Participant: 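Next up is a structure, given as structure tokens.
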Amino acid sequence: MKHILKSAFLATALVPLASAAMAEKISIAIGHQSMCTDTYTAGIIIKELGLLEKYLPTDGKYADADYDVSWADYSSGGPITNQMMANKLNIGVMGDYPLIVNGAKFQETESLRSIYVAGTGYNLKGSGNAIVVPVDSDIYSIDQLKGKDVSTPVGSAAWGMLLKAMQDNGIPTGEYGLKNQSPAVGAANIAAGKIDAHSDFCPWSEIMEFRGTGRKIYDGSETGVPYLHGVVVREDFAKEYPEVIEAFLKAVIEAGDWIREDPMRAVTEMEGWTGVEKEVLYLYFSEGGHLTLEPTIKQAWVDALKFNHGVLVKEKAIPPLDFDAWITEDYIKAAYADMGLDYEADKAVVVDPAEANMGLPMEIWHARDGVSTYPTMPDFLTAVAAMNGTGAKLNATYVYDIETGLKLFGKTAFWVKAGDEYATFLRKGEAEAYAAANSGAVITFDEAIADFVTEG
Amino acid sequence: MKTLSVLGSEIRKNWRFMLLNGVLFALLFQVAMLIALMVRFQAFPNYTTIYNWAEAVSVIIQSTPSIRDMAPIIWEEWLIEIGRMNYDYGTGISEWSLNVIPSRLLVLFFVGAMLSLCLAMVRRDTCQSGMSNTLRATTGVGTLLIAMTNATMSWVVCCATPTWVVGLAMLGVGVSSSLALEQLGPVLSGAGFVLLTAMIIGLAWRRARNDRDPEGVLAHA
């Protein structure tokens with residue numbers, strides 16, 4: 001009897017242990033970049049809002065799954081690729097150039113592969129990358145960089161943009177000094193006036209503009225090559241847990257919806273998570289911002305990636321990349337289908353800021369009252385003048401470049417007054433040309449505001 | 001055969017010295033790189049991260065089907081990262097760092113050991129002082145080539161995997177020159193090892209020849 005009781009006790013005690021042993025532990029490790037705005041919908045937002053956990057499968061073969069989700073923050077895509085190869089990360093989010101390096105490095109191995117499963121967002125013409133000069137510099141156009149020192153994080157999308165921009169403008173590499181500088185070092189050097197110009201990726205140029213240390217002289221949109229970011233996954237992980245990848249991509253889609261729902265709330269939250277100023281983030285994530293949040297894989301993106309691969313092969317001799325084997329739409333299509341969304345419809349839409357931003361209202365971000373919109377320039381300037389008159393604190397003001405449709409800070413735009421009309425420009429040269437053609441004059445933002453200050 | 005026997009005898013005679021110098025060389029090289037970084041950036045490091053290298057290697061072995069793929073991945077695994085975090089932007093961004101990588105420590109250990117063997121043999125060599133200086137210089141060039149291509153200073157050069165030339169770029173070599181040199185890393189490193197090995201074998205051969213022909217030694221007496 002004593003023996004039977006002992007056996008029964010042991011059996012009872014072992015039941016929970018046995019079921020625990022049956023539960024499969026699935027580790028999901030994601031590498032993201034909290035200092036790269038265009039990765040946020042597949043990184044910091046999913047992490048902070050717990051969106052992946054919301055969509056992780058819990059039925060079928062996942063009924064007993066014990067998920068262990070971990071996030072690692074990197075300041076660039078290169079280390080994410082290394083960690084993915086070492087299988088310490090299963091999923092990585094990065095910009096176009098590092099994505100290509102990721103695919104090529106995996107394909108260089110005998111037994112490992114990564115796959116490109118979705119985008120996070122894009123700018124059709126390449127905004128996000130830019131060349132910045134110290135705010136007091138007398139350089140106003142890329143032509144003036146001949147014989148000057150330009151720094152950039154070599155290997156980044158901004159580096160690729162710089163090479164193309166210089167080529168497009170007939171400035172061979174021998175006619176300017178190329179320096180290799182990380183974003184933080186480049187930004188610090190711009191602030192100290194220690195470098196003639198610095199080329200960087202999102203959102204570094206705008207951080208420098210917002211802080212008043214730098215001025216943009218060239219926007220990536222002038223190269224006309226789309227700037228995009230995306231999600232890469234280890235193929236062995238995706239094959240073993242395809243539903244987990246679909247869950248991740250559903251989270252990416254929801255992260256985009258969350259931003260569009262209330263951009264001001266989103267950027268305020270993101271400022272707390274990333275340390276990047278909300279006013280800078282607003283330039284990217286608000287309506288008319290630099291970034292179109294949409295994860296489909298368009299043919300134009302594949303073409304852009306192939307173009308970028310060509311640059312990398314020429315400049316850094318990276319291995320070949322079989323794009324057909326690397327890119328797959330299967331997972332993102334499945335995620336769309338599960339959410340009842342039309343993938344093909346989204347894929348067919350391409351947002352060109354020059355057209356999409358035409359007629360969008362100017363905006364003022366009042367420190368207390370939030371963002372207000374103004375359909376005409378006089379309305380906008382009147383409001384700024386009135387708010388300044390009360391001593392109100394304005395976080396930022398936003399206008400659009402007439403030429404490219406790019407959203408700009410009011411304080412950094414070049415203003416032209418022609419009769420009673422006001423226009424805003426990214427570059428001084430175009431502002432001067434417009435002024436000359438319309439019998440106007442290039443003025444400062446403060447002069448434009450002064451026109452609307454009422455006495456008393 | 002006699003050359004190999006001399007070489008074996010030299011290694012047996014100097015193994016403690018070689019071991020000690022190998023370890024010292026690997027460690028001092030890390031210290032030198034850290035000092036170079038601090039001088040270059042005029043700042044002290046403000047963060048250190050220690051990685052579980054053994055566990056990482058275990059994960060790589062378990063999850064990499066091809067043995068041929070394992071080595072280059074393990075080769076890049078870090079043990080310690082010590083560097084400077086810039087908190088002026090965002091939640092902080094690593095401006096520069098020294099990465100202590102076990103695979104590179106092993107390479108540097110071998111360099112240090114070979115170097116000490118070379119120098120011990122040069123000291124005992126009976127050649128003229130001009131020749132002796134040439135031998136020392138050749139040893140130095142070999143060591144420099146290997147050390148340079150195993151530098152593990154990194155500057156978080158965005159989006160590109162740091163390579164040995166990042167160290168050169170950080171220390172003032174132009175980007176174009178650095179990138180042009182990047183592909184030559186294994187060749188330069190290999191050339192360094194060939195020089196050191198040739199030097200050791202050459203010295204052993206001279207010793208063997210001199211042992212056979214003692215007049216040769218007397219000629220310099």
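Just so we're on the same page: letters track the sequence lines, and every chain starts at 1. Since this is a predicted model, take the numbers as computed values, not measurements.
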Participant: Answer with side chain, backbone, both or neither: which region of A:Ala187 has an atom nearer than 4.5 Å to a non-hydrogen atom of chain B?
Facilitator: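 The answer is both parts of A:Ala187.
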Participant: Less than 4.5 Å to any heavy atom of chain B: does that hold for the side chain of A:Met94, its backbone, both, or neither?
Facilitator: neither
Participant: Charged N to carboxylate O under 4.0 angstrom, B:Glu76 versus B:Arg104?
Facilitator: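 Looking at B:Arg104 together with B:Glu76, the answer is yes, because their closest N to O distance falls below 4.0 Å.
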Participant: Would a distance-only check, ignoring hydrogens and angles, find a side-chain to backbone donor-acceptor pair under 3.5 Å from A:Asn102 to A:Pro98?
Facilitator: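 No; zero donor-acceptor contacts below 3.5 Å.
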Participant: Backbone N or O of A:His198 within a donor-acceptor pair of the A:Gln181 side chain at under 3.5 Å?
Facilitator: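 Between the backbone of A:His198 and the side chain of A:Gln181 there is no qualifying donor-acceptor contact (under 3.5 Å).
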Participant: I'd like to know which of A:Ala158, A:Ala86, A:Gly177 tops the heavy-atom pair count under 4.5 Å against chain B.
Facilitator: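 The residue among A:Ala158, A:Ala86, A:Gly177 with the greatest pair count is A:Ala86.
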Participant: Please classify the contact between A:Ser34 and chain B as side chain, backbone, both or neither, with a heavy-atom cut-off of under 4.5 Å.
Facilitator: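 Only the side chain of A:Ser34 comes within 4.5 Å of chain B.
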Participant: Please look at A:Ile207 and chain B and tell me whether the side chain, the backbone, both or neither of the residue comes under 4.5 angstrom of a heavy atom of that chain.
Facilitator: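 Side chain only.
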Participant: Shortest non-hydrogen contact from B:Met199 to B:Cys118?
Facilitator: CG-SG, 3.6 Å
Participant: When heavy-atom pairs shorter than 4.5 Å are enumerated against chain A, which of B:Ile73, B:Asp69, B:Asp88, B:Thr64 gives the highest number?
Facilitator: B:Asp69
Participant: Is chain A contacted by the side chain of B:Glu77, its backbone, both, or neither, given a heavy-atom distance below 4.5 Å?
Facilitator: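 The side chain, not the backbone.
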Participant: For chain B, which of A:Arg211, A:Gln83, A:Arg234 has the most heavy-atom pairs under 4.5 Å?
Facilitator: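 The residue among A:Arg211, A:Gln83, A:Arg234 with the greatest pair count is A:Arg211.
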Participant: Look only at the side chain of A:Ser111 and the backbone of B:Ser66, and say whether a donor-acceptor pair between them is shorter than 3.5 Å.
Facilitator: yes
Participant: I'd like to know whether the aromatic ring centres of A:Trp273 and A:Tyr40 sit less than 6.0 Å apart in this structure.
Facilitator: no
